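As the structure is a prediction and not an experimental result, all values here were calculated from the model. So that the names make sense, note that chain A is the first sequence line, chain B the second, and so on, each numbered from 1.
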There are 2 protein chains.
Amino acid sequence: MADTALFLEHLRAETIKDHASSTPLYLRVQRGIEQAIDSGLVEVSDALPAERELAAQLGVSRVTVRNAVRALVKKGILIQRHGAGTFVASREAPRPQPLASFSEDMRTRGISTNSIWLNRSTGLPSPEECEALEIMPDQLVSRLYRLRFANGKPMCLEHAVLLATILPDPNVIESSLYAWLDAHDRRPTRAIQVVSAQLADASQAHLLSVPTGSACLHVRRRSYLSINKLYKLYKIRITTERALKDEPAPPVDANDKILIERDRPIEFVRAYYRGDLYEHVSELHY
Amino acid sequence: MADTALFLEHLRAETIKDHASSTPLYLRVQRGIEQAIDSGLVEVSDALPAERELAAQLGVSRVTVRNAVRALVKKGILIQRHGAGTFVASREAPRPQPLASFSEDMRTRGISTNSIWLNRSTGLPSPEECEALEIMPDQLVSRLYRLRFANGKPMCLEHAVLLATILPDPNVIESSLYAWLDAHDRRPTRAIQVVSAQLADASQAHLLSVPTGSACLHVRRRSYLSINKLYKLYKIRITTERALKDEPAPPVDANDKILIERDRPIEFVRAYYRGDLYEHVSELHY
DNA sequence: CAGTGGTCTAGACCACTTC
DNA sequence: AAGTGGTCTAGACCACTGT
C-alpha cells in the first residue's frame, strides 16, 4: 500500500464526520474506503489493512468493518481471498449496466437528445396493457407516445404506458419521464426487456425517416417498482386520503395483500429503434 | 403461519443433519428455510418466526439466523420489513434471467435443438478478437462456427471464439459447449451482450433459409470467468506443470498480477438470429 | 508458523410497526 | 407498550494462505 498511515487517517476522518447524523457506522466506513480508492489514496492491487487492524484503528468492531467490506466486494470494488487478504480490484473491468432511461443512456454515450410528442393521454387500458401491467380493465393508465431524436436524427418511436396511480397526468412530463419519476420517488427498480428484429412498416419508416423495410430493433419493456417503495407510496396515499376525507383506515386485509407481493409492474413500453443508429446492451449473470 | 411447530421441527432436523460435515451453519439454516417454503410447509404471505425466536428454537445465535435470512432476501424468496417481520414472497413474481447457453435457453422455452458444424479450428486471433478477449496476437484461440436449428428450422448462425487455454481442442465439443465448460468448471459467470438489428446478407440468408434482406438479430457477446475460478484453474495448472516437469514455482509477480484483476473475458461470440423466430430477453436493475 | 478471512456466540441498544 | 428488524460490540475458534 502506498501510504497506510494516510489511508487510515482519511478513513478515521470520514468515519467520524457524520457522527451526529443517523448514518449507520458501517456505511460511513464503506464510503470512506470507497473514497480512498476513488481518490487514488489506495491503488489497484493494493492490499487493505487486515480487518482486525482496520477495526482497531477505527475504534469499531470487526463485524462493522466486515459489513462495510462485504458491500464493496459485492460491488466489485474489492476482492477478498481467504487467508491472503483484501485487495483493490482493477478499475478498467466492466461494471454492470444500470437501468437507465433513454435520455440517460444517450447521455452516457455522449449523444444529445430531444423528442416531439405524438400523443399524451389518460384512459382505459387495452387487453395487452392489462396483461402487461397486471391490472383490471377499469384501472386508468397514462400514455406517452413520442418520436425521440439523437443528435438531431430521428432514432426511436416510443410508446409508454404507466399506471395512472403512478403518473396521474402525462402532461406534466417535459422531456424526461424518469426524471419526474425520480423526483417523486417512484422510479422503477427493475425491468425486463424483450428485444426482437423487425422490418419497419410504412408509417414507422416515415416517422423514423428511413426507407420502408429497413431493419429496426423492437424493444418491449416491463418496469417494476420494488415492494418497499410501493408500500411507502401506498401508505402515504392512504394517510393523505384519510386526512382529506376523514375516512377510517382501510381494512387490514387489503394492506396485507400488498405487503407480501413482490415487485409490481408500473410501466409498459414498446419502442422501435432505427437499426442503423442503435445497439442494445445487456448483461447476464450465471 | 400454517403450523409453526412443524416448521421449527423441520428446520431443526435440517440444521442438525450435516452437523458432522463442514457445511457452515448459516447455510444449513438457509437451506432448511428454503426447503420449508418449497415444500409448502410455510405458505406465501406467511410471516416467519421472529429472528430471536428462530435463534432460540434452533439453538444458534441471532447473527447466524440473520446470515441465512439475508441470503434468502437477496434471492427474493423472503421480504423483511423493519418493525413488522419477515414474510414469504409471492412465487409467481418473475425471477432474474440466468446466463443460459443457447441449448439451455431453448430447452426452457420447450424447443428442441440441433446444429451442424461449419468449422472448428485452433489458430491465432484476429485484431477484433484480440481486443474482445484482451489477449496478445500470439495467444492461441479456438473457434466454433455452426448453424443452429430450433425445432428443425435454421435459427441462428453462431461464431464462437474462446481462449485456447480454456478450450484447448474445439473438436471435443459434441453439441453443447457450455455443458463441456461446466464439466470442466470453467463456465462463464457473467456476460455482456450487444444486440442490434440488421438485414441478412446473401450468404447469411442462404444458410438461414430466409430471403435476402430479412430482419435478423445480431448478438455480440463477451463472456467472463470470475477471478476466483480463474485463480483456481491457474493454480491447478501451475501445480500440475511443476509436478510433471519438476520446475520451480513461477515468480510471485506473475501470480500477483492474476490475483488482483477482475473477471476475465474467455469467450467472444457473434451470432445472427432469424428475426422471425427469436426474441432476446434481458433484465436490468436500477 | 504467523497472519488472514470465514464463521459463530451472547449479549446490547436503536428505529420502526402494530395495537 | 410490546414486538420486530437494523445496527453494533467484544470476544472466540476454524480454514486457508504465504513463507
Side-chain angles (χ1 to χ4, degrees), chain A residues 1 15 18-30 46-56 58-73 78-87 228 231-232 234-236 238-239 248-253 255-256 258-260, chain B residues 1 15 18-30 47-56 58-73 78-87 228 231-232 234-235 238-239 248-253 255-256 258-260:
Chain A
M1 153 118 36
T15 305
D18 297 320
H19 186 53
S21 93
S22 59
T23 313
L25 187 49
Y26 74 94
L27 285 180
R28 304 208 296 268
V29 175
Q30 178 181 334
D46 276 353
L48 250 52
E51 294 175 350
R52 290 167 182 80
E53 175 70 13
L54 268 180
L58 296 179
V60 305
S61 83
R62 188 180 159 210
V63 177
T64 303
V65 171
R66 279 185 68 76
N67 233 324
V69 168
R70 191 203 312 134
L72 295 175
V73 168
L78 295 179
I79 291 172
Q80 283 189 304
R81 288 209 307 111
H82 193 168
T86 303
F87 304 89
N228 275 329
Y231 178 66
K232 277 170 192 166
Y234 185 73
K235 264 210 327 188
I236 290 167
I238 295 291
T239 337
V252 183
D253 284 352
N255 227 334
D256 279 347
I258 282 215
L259 298 191
I260 292 130
Chain B
M1 152 113 40
T15 305
D18 297 321
H19 186 53
S21 93
S22 59
T23 312
L25 187 48
Y26 74 94
L27 286 179
R28 303 208 295 269
V29 174
Q30 176 181 334
L48 251 51
E51 294 175 351
R52 289 168 183 77
E53 174 71 13
L54 268 180
L58 296 179
V60 305
S61 82
R62 190 182 157 209
V63 177
T64 302
V65 172
R66 279 185 67 75
N67 232 325
V69 169
R70 190 204 312 136
L72 295 175
V73 168
L78 294 179
I79 291 172
Q80 282 189 305
R81 288 209 308 109
H82 193 167
T86 303
F87 304 89
N228 275 330
Y231 178 66
K232 277 170 191 163
Y234 184 74
K235 265 211 323 189
I238 294 291
T239 336
V252 183
D253 284 351
N255 227 335
D256 280 346
I258 283 217
L259 298 190
I260 292 133

Is there a side-chain contact between Thr64(B) and the phosphate of dT7(C), meaning an N or O under 4.0 Å from OP1 or OP2?
no
Would you compute the distance between atom CG of Leu58(B) and atom CG of Leu25(B) and round it to the nearest 0.5 angstrom?
8.5 Å
Using a cut-off of strictly less than 4.0 Å, decide whether Arg81(A) has a side-chain nitrogen or oxygen near OP1 or OP2 of dG6(C).
no
Could you state the CG-P distance from Leu72(B) to dG5(D), rounded to the nearest angstrom?
14 Å
Take atom CZ of Arg70(A) and atom P of dC8(D), then tell me their distance rounded to the nearest Å.
12 Å
Side chain of Ser61(A) only, please: which of dT9(C), dG6(C), dA10(D) is the nearest?
dA10(D)
Are OP1 or OP2 of dG6(D) and a side-chain N or O of Arg66(B) less than 4.0 angstrom apart?
yes
For the pair made of CG in Asn67(B) and P in dG5(D), what is the distance, rounded to whole Å?
15 Å
For Val63(A), side chain to side chain contact (heavy atoms under 4.5 Å, CB included) partners two or more places apart
Ser61(A)
Tyr26(B) has an atom OH; how far is it from atom C1' of dT9(C), in whole Å?
16 Å
Between atom CG in Leu78(A) and atom P in dG6(C), what is the gap in whole Å?
12 Å
Below 3.5 Å between N/O atoms, which protein atoms pair up with nucleotides 13-15 of chain D? Just atom names and distances, please.
from: dC13(D); atom 1: N4; to: Arg52(A); atom 2: NH2; distance (Å): 3.4
from: dA15(D); atom 1: N3; to: His82(A); atom 2: NE2; distance (Å): 2.9

Using the test side chain to side chain donor-acceptor pair (under 3.5 Å), find all partners of Arg52(A) that sit at least two apart in sequence or belong to another chain.
none
For Leu27(A) and for Glu51(B), locate the closest nucleotide of DNA chain D by heavy-atom distance; then report the residue assigned to the nucleotide nearer the 5' terminus.
Glu51(B)
Please determine, for the side chain of Ala50(B), which listed nucleotide (dC8(C), dT4(D), dG6(D)) has the closest atom?
dT4(D)
Is the shortest side-chain N/O distance from Thr86(B) to OP1 or OP2 of dT4(D) below 4.0 Å?
no
Distance (rounded to the nearest 0.5 Å) between Thr64(B) OG1 and Gln30(B) CD
12.5 Å
Measure the distance from CD1 on Ile79(A) to C1' on dT4(C) and round it to the nearest whole Å.
16 Å
Spell out, as yes or no, whether a donor-acceptor pair under 3.5 Å connects the side chain of Arg66(B) to the backbone of Glu51(B).
no
For atom CD of Glu53(B) and atom P of dG3(D), their distance in whole Å:
11 Å
Quick check for you: to the nearest 0.5 Å, what is the distance between Leu48(B) atom CG and Thr86(B) atom OG1?
6.0 Å
For a quick test of reading the model: is some side-chain N or O of Gln80(A) closer than 4.0 Å to OP1 or OP2 of dG6(C)?
yes
Base, sugar-phosphate, or nothing: which does Val60(A) touch, judged by heavy atoms less than 4.0 Å apart?
sugar-phosphate
By side chain to side chain contact (heavy atoms under 4.5 Å, CB included), Ala84(A) pairs with (sequence neighbours left out) Arg81(A), Phe87(A)
